[in-house]
Protein chains: 2
Amino acid sequence: MLIGELAKMAGCEVETIRYYEKEKLLTAPDRSPAGYRHYRSEHLGELNFILHCRSLGISLAEIRQLADFRADPTLACEEINQLIDRHIKSVHQQVESLRLLEQQLQVLRQRCPQASDAAHCGILQTLVQAAEGEGCACHDSERSS
Amino acid sequence: MLIGELAKMAGCEVETIRYYEKEKLLTAPDRSPAGYRHYRSEHLGELNFILHCRSLGISLAEIRQLADFRADPTLACEEINQLIDRHIKSVHQQVESLRLLEQQLQVLRQRCPQASDAAHCGILQTLVQAAEGEGCACHDSERSS
DNA sequence: CTTGACCCTATAGTAGCTTCAGGGTGTGAA
DNA sequence: TTCACACCCTGAAGCTACTATAGGGTCAAG
C-alpha cells in the first residue's frame with residue numbers, strides 16, 4: 001500500500017503521515033527501490049490509533065506515552081488514568097472559559113444591533129471604552145460572578 | 001514612560017509589546033538617544049485595545065481590521081458586526097465540540113475505574129479497538145446524535 | 001567604579017501540521 | 001517513443017501568538 005492509499009483509508013493527508021513518521025510516532029515502512037514507502041495493515045492500525053487519540057485532543061507527546069504503554073503492557077495503567085483525568089480537567093476548563101467568552105461576545109454584539117458607520121458603531125465604542133479603562137460591558141459578567 | 005512601566009500598567013509582558021510593535025499593531029514610539037522606547041498615554045490606550053480584543057479571542061489579523069475602522073470612522077460598521085458574528089459562531093462551535101469531547105473522555109475514563117497493568121487497562125484497550133475499526137465507546141455518542 | 005535593574009536587537013523555539021520548491025517514478029495514450 | 005499526468009520523494013519555510021535565549025548597552029545609586 002502506497003502512502004496515498006493509506007492516507008485515503010485513514011482519512012488524513014499524506015503530509016500528516018510523513019510528519020508522524022518524522023516525529024517517530026509511526027514506525028518507518030519498507031521502501032521500494034525507487035524510495036516509495038510501502039505500508040502494511042499494522043501501519044493502518046498504528047495510524048488510526050494516533051488519529052483517534054488526536055480526535056480526542058490528546059497531544060503527540062501524550063500519544064507517544066500511550067504508544068509506549070501499548071508496546072509494554074506490563075506497565076501500570078495508573079498513569080494512563082492520570083493522563084486521561086488531566087485531559088478531562090483541561091477540556092472542562094476550556095469549555096467553561098469559552099462559554100464565558102461566548103456570553104461576552106453576545107453582549108458586545110448587542111451593542112450594535114443596526115449597521116451605520118464606524119463612528120457610531122456600538123461595538124467599536126465599547127472596545128475603545130474598555131481600552132480607556134472605563135469598564136466594559138462585555139467583561140462585566142466576570143466581575144459579577 | 002518606558003516599556004517596563006507600560007507593560008506593568010497594561011498587565012502584559014515587555015516582549016509582547018515589542019512583538020505588537022514589530023507586527024505593526026502598535027505605533028512605534030519615540031526613542032531616547034540611547035534607543036529606549038518612550039511611550040505616552042495614547043500608547044496605553046492602543047495597547048489596552050489590543051489586549052482587550054485578545055481577551056475576547058480575536059486574532060491579531062482581525063484586530064488589525066478593527067484598528068483600521070477605529071482610525072477611519074467613516075467606514076461602514078457592517079463589517080465589524082460581521083466580524084463579531086463570525087467570531088461568535090466559531091466560539092460556539094468550539095464550545096459544542098469540546099463539550100462532546102468531554103463526554104467522550106468521561107466514557108473512556110469509565111472503562112478503567114481501577115488501576116491494574118496496561119495489559120488489562122480498559123482505556124488502552126478501547127483506544128486500540130478504535131484503531132482497529134471496531135467502533136469505539138468514546139465516539140458512540142457521535143453516531144447516536 | 002561597580003552592582004543591579006533595566007533596556008536593546010536578532011534569532012530560535014513552541015504545536016501540529018501545511019505549503020512550497022525542485023525534482024524523480026510509473027503508467028497509459030498518441 | 002515520447003508525452004502527459006498522477007503520484008512519489010526530500011528539505012526547508014510558513015502559520016499563530018507569543019516566549020525564551022544570547023549577547024550586549026544604559027543608567028542611577030552606593
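Lettering of chains follows the sequences in order, A, B, ..., and the numbering in each one begins at 1.
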At a heavy-atom distance below 4.0 Å, what parts of residues 7-19 of chain B sit against DNA chain C? B/R18
Please tell me if the side chains of A/Y36 and A/R31 come closer than 4.5 Å, counting only heavy atoms from C-beta onward. no
Within the supplied structure, the quantity of interest is the number of heavy atoms (other residues, nucleotides, ligands) at a distance under 6.0 Å from A/R111 CZ; does it exceed 12? no
Selection: residues 20-47 of chain A, any non-hydrogen atom under 4.0 Å of DNA chain D: A/R31, A/G35, A/Y36, A/R37
Does the side chain of A/L127 reach to within under 4.5 Å of the side chain of A/L108, using non-hydrogen atoms? yes
Whether the side chain of A/E62 engages the backbone of A/S59 through a donor-acceptor N/O pair (distance < 3.5 Å, no angle test) should be reported. yes
Are the side chains of B/R54 and B/L60 in touch, meaning some heavy atoms are under 4.5 Å apart? yes
Give a yes or no on whether A/R40 atom CZ has more than 12 heavy-atom contacts from other residues, nucleotides or ligands under 6.0 Å away. no
Find out whether A/L83 and A/I80 are in side-chain contact, i.e. whether some heavy atom of one side chain is under 4.5 Å from a heavy atom of the other. no
Steps toward side-chain contact (heavy atoms from CB on, under 4.5 Å) verdict (A/Q125, A/V128): CA-CA 5 Å; A/Q125 278 173 24; A/V128 170; 5.8 Å; no
Considering only heavy atoms from C-beta outward, does the side chain of A/L66 approach that of A/F49 to under 4.5 Å? yes
Can you find a heavy atom in the side chain of A/C12 that is under 4.5 Å from one in the side chain of A/I17? yes
Taking the side chain as everything from C-beta on, heavy atoms only, tell me whether A/L25 gets closer than 4.5 Å to A/L47. no
More than 12 heavy atoms from other groups under 6.0 Å of CE on A/M9: no
Bounded by its outermost nucleotides with an atom under 4.0 Å from a heavy atom of chain B, the footprint on DNA chain C reads C/dC6 to C/dT9
Within residues 52-62 of chain B, those residues having any heavy atom closer than 4.0 Å to DNA chain D are B/R54, B/S59, B/L60
Are the side chains of B/R99 and A/R99 in touch, meaning some heavy atoms are under 4.5 Å apart? yes
Look up atom CG in A/D68 and atom CD1 in A/I63, then write down how far apart they are to the nearest 0.5 Å. 12.0 Å
Hey, could you give me each pair passing side chain to side chain donor-acceptor pair (under 3.5 Å) that has a residue in residues 7-28 of chain B? Not counting sequence neighbours. B/E21-B/R37, B/T27-B/E46
Need the bend value for the helix from C/dC1-D/dG30 to C/dA30-D/dT1: angle between end axes, 5 pairs each end, nearest 10°. 30°
